[in-house]
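No experiment lies behind these values; they were computed from the predicted model shown. A note on names: the letters A, B, ... follow the listed sequences, proteins ahead of strands, and every chain is numbered from 1.
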Amino acid sequence: MVKKHMKIDSHLDQIERVGRFVQEAAQDAGFDEMESYACELAVSEACENIILHGYGDDSTGEIEVSVRTEPDNITIELWDDAPPFDPANSPIKLDPSIDDPPIGGLGLVIMHRVMDEMEYNRREGRNQLRMRRSRKPPS
Amino acid sequence: MVKKHMKIDSHLDQIERVGRFVQEAAQDAGFDEMESYACELAVSEACENIILHGYGDDSTGEIEVSVRTEPDNITIELWDDAPPFDPANSPIKLDPSIDDPPIGGLGLVIMHRVMDEMEYNRREGRNQLRMRRSRKPPS
Amino acid sequence: MEINIQGYKRVTVVTVTGRVDSVTYSEFENALQAELEQGKVNIALDFSGVEFISSAGLRVLVNARKTVKNAGGRIVIAQPSQQVTETLEIAGLEVLFEQFPDRETAIAAF
Amino acid sequence: MEINIQGYKRVTVVTVTGRVDSVTYSEFENALQAELEQGKVNIALDFSGVEFISSAGLRVLVNARKTVKNAGGRIVIAQPSQQVTETLEIAGLEVLFEQFPDRETAIAAF
Ligand SMILES: Nc1ncnc2c1ncn2[C@@H]1O[C@H](COP(=O)(O)OP(=O)(O)O)[C@@H](O)[C@H]1O
Ligand SMILES: Nc1ncnc2c1ncn2[C@@H]1O[C@H](COP(=O)(O)OP(=O)(O)O)[C@@H](O)[C@H]1O
């Protein structure tokens, strides 16, 4: 089991760093390139939402990221001090219609489709989002 | 001064050999790739005419090829035993009209445009065609 | 992100390389917008060099598709990188954008 | 000589490699003929791999041009090898065939 940790300011241009951090951890856990990319994508969407919707215009916020990997498993935790929001249980529409595709809501769709489990807790006045994914057997 | 000689049967598939022979000689004489290619093309046209128009259906004929090179100069001689024909002084139309481009006559046009001099002689009952080209100053 | 635009008779090829995300999407959006305003409604996106595309980039795509469709045009993707194909599939949007294996076949489809 | 044919919506790309001469021209002619008979009158010739083309090959080109022109089509050359460009110029036929630097621009010209 490996644990890694990082922290960013609530700036959009910091997301790339988190993405890379998660992607590398996923590869270390034995995920293939596209599975690792998917984890990078999901966590990037989560951070974007925290920065834009959670902190809003406030760029003095922070996001803490911790990643725990075991062989074939990755668990990512995001902590922020923005107002409470539960992405794990927000209603999402997983099957967009072709005639009227959604413009909004893609971020949550991506997070839910990539991750096997999403768990939200409000702890000590902070948002805690825990996301887990296991490596898929090669199809 | 270098002299080289070869002989082919009056088969179309032998022309490639003559072309390569001439092209290599031209490169040895210091011609660049496209000038050498032009010499290959001209001599191939000459051989094609001898085989098709000179010998006609008779594939037992021969063409003798001799090449003389000096720095920046190549002289090619073709000998054949077909009926007399003078490609050096045949009428050709060097400026085809765009609206009605020629279908025939291209072989002689190419030979005359590539070569600086063409000289035909009927000697000892054979056709002798001598073609000369000097290297062009780089434009 | 870098954007390169090649206008042809029937199709405009927009080549994007790098990241299309919340930081860069508006540049991409503006480039497409400029083409659409000139009446260029047939677009082939060369996405071979896209390393990362997030929902911010997908939104630009979905919006552009709507605009060109209403104008009788079409937007397709030429030689998508694996990341682009993966993202479209995760988002469930792969049915919206025809994907071609190379620029040539994409261009020839217009 | 090898011939490869790629049919697209508006244009057929005929890729020729090797020698187009008195030995091989009829194979080239037949391949073009087959396309023309199917009504494919917009042709892009990928001549990047042509090492040698003699008057026998040029005659095929000039004839094909006449046929497609009469049928309202067009024949162009995509990425000609140096040898092709040189031969067309020597024969004085370069004005008859538009030449494009690559397949993409040739295809997009239709
Ligand atoms: N961290 C967050 N804090 C507050 N609201 C959020 C947060 N994340 C998502 N939301 C809300 O959920 C909606 C859907 O989010 P998402 O699926 O990422 O799509 P988008 O960001 O394009 O609207 C957002 O529009 C926003 O209203
Ligand atoms: N070696 C030859 N012997 C007899 N006739 C020839 C010979 N070479 C050329 N000709 C005549 O000159 C004409 C023009 O030749 P050329 O320019 O090569 O065009 P093409 O071979 O396409 O007719 C030929 O059609 C033929 O009548």
For this session: Pick whichever of I110(B), D13(B), L52(B) has the most heavy-atom pairs under 4.5 Å with chain D.
Result: I110(B)
Exercise. Do the side-chain N and O atoms of R20(B) and Q23(B) include a donor-acceptor pair separated by under 3.5 angstrom?
Worked result: no
Exercise. Which residue out of A56(D), S55(D), S54(D) racks up the most heavy-atom pairs below 4.5 Å with chain B?
Worked result: S55(D)
Seminar exercise, completed: Bottom line for L61(D): the part with an atom under 4.5 Å from chain B's heavy atoms is neither
For this session: Under 4.5 Å heavy-atom distance to chain B, tell me which part of Q82(D) shows up: side chain, backbone, both or neither.
Result: both
Problem set entry | Stacked cation flag R19(D) on F52(D), 6.0 angstrom / 45 deg | yes
Problem set entry | Which atoms of E16(B) approach chain D - backbone, side chain, both or neither, heavy atom under 4.5 Å | both
Ion pair present between [X] and [Y], side-chain N to carboxylate O less than 4.0 angstrom?
X: E48(B); Y: R59(D); value: yes
X: E119(B); Y: R130(B); value: yes
X: D116(B); Y: R135(B); value: no

